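Lettering follows sequence order; numbering is per chain, from 1. What you see is a predicted model; the values in this text were computed from it and never measured. In what follows, every heavy atom counts, from backbone to side chain, and hydrogens, waters and symmetry copies are set aside.
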Amino acid sequence: MSKKRERLEVIYDILKAIQEKNGKIKPTHILYKSNLSHQMMNEYLKELIDGNFVIEKQDKKGKTYELTQKGFDYLNKYKVIVEFVESFGLS
Amino acid sequence: MISLYTIPLWFLNYTIILGLVFTIITLLVGLYSIKIYKLSMQKQSKIFGVGFLFIAFSYFIKTLMLLIPFSKLHIERIIDVSTFSAWTSLGAYLHILFFLTGLITILYATLNVNNFRLFSLILALTIIPLTLSTLKLQAFHILASILLIYITGHYLMCYLSYGTKKNILVFLAFLSLLFVNIDLIFSQHSGIYYVLGDLLSFIAYGLILIKLILITKK
């Protein structure tokens, strides 16, 4: 049960970190806030980009990540998601 | 030809209404589970939702199976026995097939593995004995009971391992469904088993609905 809970929590931590930086964050900040290894962070970010939770932008200063509407929805509904997943034994 | 349940005549209207209620509740759980998947990309939620949609479809077919021949009888005052028999047999087969597929899909979601071969193996090991059985209705409820023992066991283990009371209602709901299927093994002998089965099913889906309402209120 704890493994999937962690996955949902890690996603929440990453998205929350982006939200707290006004919806735009550098990867180093994500690494610091999410307490993940570099490889794990990249895997999660790829998953979040593929799932359309965040978008990656590249400018002169480097990469930044921004929340999409789906990312905001995840943060708003996080408690309901965890409650559903735990109640129906899906974690 | 498949043998059907013995349903007391006085209970016919009630079982049609209950069938519709079960269809709506399982449909709601299925759709909400898929909504959770869309919000979280959590694959188990999608699989679980698909399982409940299969069960919703199975109840819908069962209700139609009961409703259409009798409405036809009501309108035309006479009904061809062979047409009636063929219609109910087809409906019963489809109900059984979709219900078992739904249970297998829910069981697969609770196993928390990502292996389609395993899913297809469980499906084959369930459907093939059913197809070969001469007592299809009993075989259906025995197979459903076996699947429900594993599903109920999963919720019991969740409760015992993590001490969370969150899934106690879902555990009791699937336990009730297990009792329903054990009860329905004997449903050809007396109508009382069928009535008891429907009442227990009502408790089971009622508990699931209560849980769903509690979650959505968060």
Taking all non-hydrogen atoms of both residues, which atom of B:A109 and which atom of A:L90 are closest, and how far apart?
CB-CD2, 4.2 Å
Shortest non-hydrogen separation from B:C158 to A:G89 and the atoms involved:
SG-CA, 4.3 Å
Is there side-chain contact between B:Q42 and A:I81, with heavy atoms separated by less than 4.5 Å?
no
Using a heavy-atom cutoff of under 4.5 Å, enumerate the residues of residues 206-215 of chain B that contact chain A, numbered in order, or state 'none'.
B:I208, B:K211, B:L212, B:I215
Where along residues 171-183 of chain B does a heavy atom come under 4.5 Å of chain A, listed by residue number?
none
Under a 4.5 Å heavy-atom cut-off, does chain B meet the side chain of A:K79, its backbone, both or neither?
neither
Above 12 or not: heavy atoms from other molecules or residues under 6.0 Å from OH of B:Y194?
yes
Looking at A:N35, I want to see if its CG is surrounded by more than 12 non-hydrogen atoms of other residues, nucleotides or ligands under 6.0 Å.
no
Just checking B:F202: does its CZ atom have more than 12 heavy atoms from other residues, nucleotides or ligands closer to it than 6.0 angstrom?
no
Within this structure, what is the CD1-CE distance for the pair A:I11 and B:M41, rounded to the nearest 0.5 Å?
9.0 Å
More than 12 foreign heavy atoms under 6.0 Å from NZ of B:K46: is that the case here?
no
Check this for me: B:Y14, atom OH, are more than 12 non-hydrogen atoms of other residues, nucleotides or ligands nearer than 6.0 Å?
no
Go through the steps to decide whether A:E83 and B:K217 satisfy the test side chain to side chain contact (heavy atoms under 4.5 Å, CB included), and finish with yes or no.
CA-CA 11 Å; A:E83 186 70 19; B:K217 278 188 173 178; over 6 Å; no
Heavy atoms only: give me the nearest B:S45-A:V85 pair and the separation to one decimal.
OG-CG2, 4.0 Å
How about CZ on B:F119, more than 12 heavy atoms from neighbouring residues, nucleotides or ligands closer than 6.0 Å, or not?
yes
Give a yes or no on this: more than 12 heavy atoms of other residues, nucleotides or ligands lie within 6.0 Å of atom CD of A:Q58.
yes
Taking only residues two or more places apart in sequence, or in another chain, which ones meet B:F48 in a ring pair (Phe, Tyr, Trp, His ring centres under 6.0 Å)?
A:F88, B:F52
Which of residues 31-39 of chain B get closer than 4.5 angstrom to chain A, counting heavy atoms alone?
B:Y32, B:S33, B:I36, B:K38, B:L39
